[in-house]
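Before any comments, here is the structure.
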Amino acid sequence: MTTINREATPEGDNIKGPNQLHNDLHDIWGNPRGLKALTIVNHTTLGLRFMVTGMVFFLIGGLLAMLVRTQLALPDQDFMSPDIYSQVTTMHGTVMMFLFAIPMLEGLAIYMIPKMIGARDLVCPRLTSLGYWCYLFGGIILSFSLVLEMAPDSGWFMYTPLSSSEYSPGLGSDFWLLGITFVEISALSAGVELVVSILRTRTQGMALHKMPLFAWYILAMALMIVVGFPPLILGSILLELERAVGMPFFEVAGGGDPILWQHLFWLFGHPEVYIIFLPAAGIVSTLIPVFAGRPIVGYGWVVFAITVTGFISFGLWVHHMFTVGIPQLAQAFFSAASMLVAVPTAIQVFVWLATLWLGKPKMKLPMLWIVGFLIIFVCGGLTGVMLALVPFNWQVHDTHFVVAHMHYVLVGGMFFPLIAGLYYWLPLFSGRMPSETLGKWGFWLTFLGFNGTFLIMHWTGLLGMPRRVYSYETGMGWDIFNLLSSMSSFIMSAGIAMVLLDFALHFRFGKPAKHNPWNADTLEWANSMPPSAYNFVSLPKIETRHPLWDDPNLPRTMAEGQHSLAVATHGRREMWGTDPLTGKVREIIHLPGNSWWPLFAAMALAVVCVSLLTRLYPLAGIAVVVAGLFLLRWSWENGAHPKAAPDAEVAPGDPPLHSRTMDGPGLWAMSITLLANGSFFLSYLFGWFYLWTVSPEWRMPETSPLSLVGLILAGVALTAGVVILEKLVRGLRQGKDAGLAVGMYSISALGFVQVAVTLWVLLSADLAVTETSHDAIIMVGLAYALLHGGLGAVLTLLQGLRVGYGFVGAHAPFEPAVVAQWWRYNLVTFWILVGALAVLPRVIGS
Amino acid sequence: MRLIIQRLTQQRVNSLGTPLALSVGLLLAGCAGDKSILDPAGQAARDVVMIWWVMLGFGTVVLVLVTAFWLYTFKRKEVIRTPAEERTIARRWIIGGGIVLPVASITALLAFGVPTGQRLLPLPLAEPPEVIEVIGHQWWWEVRYPGAEGGEVVTSNQLIMPAGEPVDFHVTGADVIHAFWVPRLGGKIDMIPGRVNKIRLEADEPAVFGAQCAEFCGAQHAQMQLYVEAVERDEYDAWLAARQTEALSSLAANDQQHETAREAFMTHCASCHRVAGLSSGEEGPDLSDLGSRTSLGAGIMAMEEGAVTHWLKHHQRLKPGNKMPPHDDIETATLESLGAWLETLTP
Amino acid sequence: MSITMQRLNLTHPLHFVIGLTLWCIWFVAVYGGHAVACSVAPPAPEQGVFTLVNVMLLAVSIAAIALLAALTVGCCRMAKRHEGRLRFNATVSAGLYLFSTLGVVFAAMPIMGIPPCL
């Protein structure tokens, strides 16, 4: 039997039924309907949800933009009052950056990566689900502020003191700070997951240097998210504490510094734009070889360029702050680094050109958008290099020139490749082709409309028009240009509407696509179109970078179950866990099925968010506890738990289940999460040292309020705990689990001792957190230590219990190693904290 | 046939010529403007404009060439090459375009740009330059002349500076972050609470310049204009002398005509506004020389007869959200007399 | 061979990120060091470029350049000795170390031309 209709399957007509296999796999992997659809953890569904939700927010952001352009079309217009206008511009930027750009690309990565690397799902499916719900709820909460006319209105970068409680009373800033932090949970969880999935779940034989370039791009993007988002999370927490409690981190009178906010924001903000650009460049690097009909020229060059971009982008942030009054030599470092980042981008542009030059490119609809990308993005990149020059920057900073530059790189560098990618992968999503006519019209209207709107804006900026002005007077020479800009924006909207219409309509009216319609080389096209819930019936062994070009039969043989792991008899969702460097198979990773826990946890977190927003702190406290309980319950259903993989049977010759080894994906996920945590901690240390050295009215007491004896005592308890834990883990590595439970309980007790003593140090310090930034920031540091110590103690307590239940032991040694990572991290950060907060001030003096 | 083509092409060239000349002319004319970066009136601004045109030219060439090459690849006929040839060609593109081109460009740019920035720095000079302090408020400008002979001079929303010599501006913010920017003279600098930032500007010749707050500072950010005028040195000194506290106090106090207005001022306005010799309020702009200013409300309306009264009556409508309370409680007659009196404060 | 020794071998892809990490550490040291020096002991403007601050920043930069250059050369040599996956790793690492070296050179140039703290 063959399936036709809207699905093009690789099996074709003559192949005898893998249908029993398909049914078995479908039983395990299939998506439920109705209310239970809320429990889906499958990456294909969640990826689509991310993308559809992203598109909705795009429309909201776009509508806000049209309001702005309508007001600015003519001088002296104020149909939107200055207050409303500020809300509209702030929300346009916020929605586009946080609720559209990142989630959209995340969604594409979540959808595509497992398929490209020959896996069946991402490595922590429930985490994907949590990420989606946090994004949805956070986005709804933030957008709701518009309905209430209480949206944030201090600009999307929320500079203090404007965004602080004195100059922005009311809930606007709080909506931003709380809503965005909520949404960032989704970015961080996607970041962690994508890193671990790319490093550990590639199919057999897919060594690091054989994986698709898109996977390299997403790996870099994910690592950048992990390191780049925490500074903003810290900043948001500090600003919210300042607004809600009065802790003066950014307020001069209390010893704070408004520039600290700028540093924390831009430490995130600059990597953010490369986080947005890299996946889009990944789309370009994927499409060009396919449409040029040849492998990309210079795979190694691209890996090089991606790595350089990823790192250097963290050294550029002050170029957003050139007018702040920083010394010229310091500015020169950032100016030089900002220009340096043009090199890896140029390398990519010329790799693409060389590939086209040496191939036989065809101008299909996706390629039209790629060419549009090239023109617009290169233009934006060139104005970016101009902006890196300090004297020029001093003139055009905060004018429409910068607005123009930013839209050129973001729309050119993200939106155009995104549409190209969506057109390219549309047949995979739906099994149908879009309309060429609508597509071409959509392209030209968008391209011409975009350039009309934003090219002119460079000029208005050079004529002196500042940004974020709700109106302007006539006679400056700005009138005609603003009118042309606004008119073009309507053309651009028409183009975008046409594209979205094309996408929407094709699901119903599109021509059914033949299998692998573009003749692509990467594994995602080995799927049926649309893909099945489990992606592949069997997982192949890969020899080269172009599996589908080297073996056009591969999709069929995979669908026939001729390759590996074509098994559903254990009732588990399974895929390979492979060595990150060589692609050799190491274990079988078993994945959890559909679950309510992510939704429940996200709902509890939404209650936390809303109750903090409305200052109902007791409710927030309860909701935090409830969320914690949900998360811990979720973590309980792991490993050898009956709901996960209670029996460890595998087919003869197969490697063990990951939860029966000491090096599964959970260990990696913990390490990457700790990388994010470490970035947060480093940002905190930066804040402490920054305020100490630079803050204009910093006040530090003669003697430190922190009891050094107490801190050392707490540290000793922590160290003792780590020593015992390391011993237990070493034992497990050798297959010994004698005294495991008792050991865990004692470690837990030591952890609670550490927490108790640290709490005593905090209370006895009698910190005046609303009076000096010194006391406030110390409080934050100690709270950090308490939270981490507490969580460590709880985790080992749970481990002790799980030993009792038989979920953890020599037969399932996986989890203690993961918990040990957390304790090691605590150990390092606690002692650094003691040194920075209590020892250094005693040694140096105030 | 050839003749026809010749004539056609000539027509094309000719017909291109006039619009081209016109557009360039319009363009250059279109560069002019009160706040136009492209209409420099000082050396620092001139240097930036020059770099801009060079960067624009170079950037355009790069963009056009790269686009042309990309588009060309779709048109060419396929050429069969050996893998070794392909590798060489690829390497040429990648190293030439991806490394040599950007590195050469940015080295040139940096070598050019860094010395240019020096001009704006308040480095020590043989003769210390004039210092003018500007403090940004929501949504008006406080301007102070600490070095004026005879004592500090204070005014608001009006900045007179000497032409033909370097002037150091020391700026800060009183509430939120603002930015001081005179586009025709040089770059901008942020006015940050708790800090004093410094920038050096020099106007070639006497002229009037537009200036506007350049860091989003709240609802009326768009209506925070500063009138900047550079004048000859002696005119500048005279302007300052006329605004010495003694001179201004006598102006305010010796005025017999406006007794009632002055009383009203002391009752309703003195707690926020300073008028030399009468009050020392600091919440709102100094009004001691209000009559001599070019505009009101930081650029909302021109200073003409009746302007102040109009402002007093309708300021919340003209600049909604501004920090002065609405004055609905004050009688119209009082407002009118206040306005009339304030207009006379012209040193 | 222990895991650590394996990772230190110049053909390990960990070296993809070590060069740029060192660049980042250099950058933080130079930017932060400059900030602290200017806050604690700013030199007189008349000294121009010839200050202790400039000398120390330059010294740190030269040390970073030397380290990164050595690693570049090491990876180049390693690449020639291997094939396939290990050669790919070493080549890309060599390129990244080279970029990091030149990145320090480029971003350090202002130290020789601009006085600190102004």
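Labels below follow one simple rule: chain letters A, B, ... track the order of the sequence lines, proteins then strands, and each chain is numbered from 1.
Put simply, of B/F58, B/Y72, B/F216, the one with the most heavy-atom pairs under 4.5 Å next to chain A is B/F216. Ranked by heavy-atom pairs shorter than 4.5 Å toward chain A, the options B/L101, B/I95, B/T73 are led by B/T73. The greatest number of non-hydrogen atom pairs below 4.5 Å with chain A, out of B/S105, B/G218, B/G186, is found for B/G186. Interface check for chain A: of the options B/L109, B/T67, B/V171, the most heavy-atom pairs under 4.5 Å are formed by B/L109. Of the residues considered (B/L110, B/I99, B/D175, B/D34), B/D175 shows the highest number of contacts with chain A, using heavy-atom pairs under 4.5 Å. The candidate from B/L38, B/I94, B/I189 with the greatest count of non-hydrogen atom pairs under 4.5 Å with chain A is B/I94.
When heavy atoms are compared at a cutoff of 4.5 Å, A/E697 does not approach chain B at all. Proximity to chain B is limited to the side chain of A/W301, based on heavy atoms less than 4.5 angstrom apart. If you measure heavy-atom distances from A/A336 to chain B, the contacts under 4.5 Å come from both the backbone and the side chain. Only the side chain of A/P466 comes within less than 4.5 Å of a heavy atom in chain B; its backbone stays farther off. Interface residue A/Y167: only side-chain heavy atoms are found under 4.5 Å from chain B. With a threshold of 4.5 angstrom between heavy atoms, A/V252 approaches chain B through side-chain atoms but not through N, CA, C or O. For chain B, no part of A/D78 is nearby; none of its heavy atoms comes within less than 4.5 Å. The part of A/L389 that comes within reach of chain B is its side chain, from C-beta onward, which places non-hydrogen atoms under 4.5 angstrom from that chain. The contact between A/T399 and chain B is made entirely by side chain atoms (from C-beta outward), counting heavy-atom distances below 4.5 Å. When heavy atoms are compared at a cutoff of 4.5 Å, A/Q262 approaches chain B solely by way of its side chain, counted from C-beta outward. For A/E473, the part lying near chain B is the side chain, with the backbone staying farther off; criterion is any non-hydrogen pair under 4.5 Å. Interface residue A/L382: only side-chain heavy atoms are found under 4.5 Å from chain B. Heavy-atom distances place the side chain of A/M367, and not its backbone, under 4.5 Å from chain B.
Residues A/F401 and A/F392 place their aromatic rings such that the two centres sit under 6.0 Å apart.
Using a 4.0 Å cut-off between charged nitrogen and carboxylate oxygen, B/K198 and B/E133 do not count as a salt-bridge pair. Looking at B/D168 and B/R200, a side-chain N of the basic residue comes within less than 4.0 Å of a carboxylate O on the acidic one, giving a salt bridge.
The aromatic rings of A/F373 and A/F377 lie parallel to each other, their planes meeting at an angle below 30°, with 60° marking the opposite boundary. Relative ring orientation between A/H458 and A/Y408 is described as tilted, the plane-to-plane angle lying within the 30° to 60° band.
Interface residues of residues 59-66 of chain B toward chain A, defined by a heavy-atom distance below 4.5 Å and sorted by number: B/G59, B/V62, B/L63, B/V66.
Just one residue in the list A/D153, A/L72, A/V469 forms a side-chain contact (heavy atoms from CB on, under 4.5 Å) with A/Y85, and that residue is A/L72.
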Under the criterion salt bridge (Lys or Arg N to Asp or Glu O under 4.0 Å), I'd like the reasoning laid out for B/E215 against A/R467: C-alpha separation, chi angles, the key distance, then a yes or no.
CA-CA 8 Å; B/E215 179 61 56; A/R467 58 190 290 196; over 6 Å; no
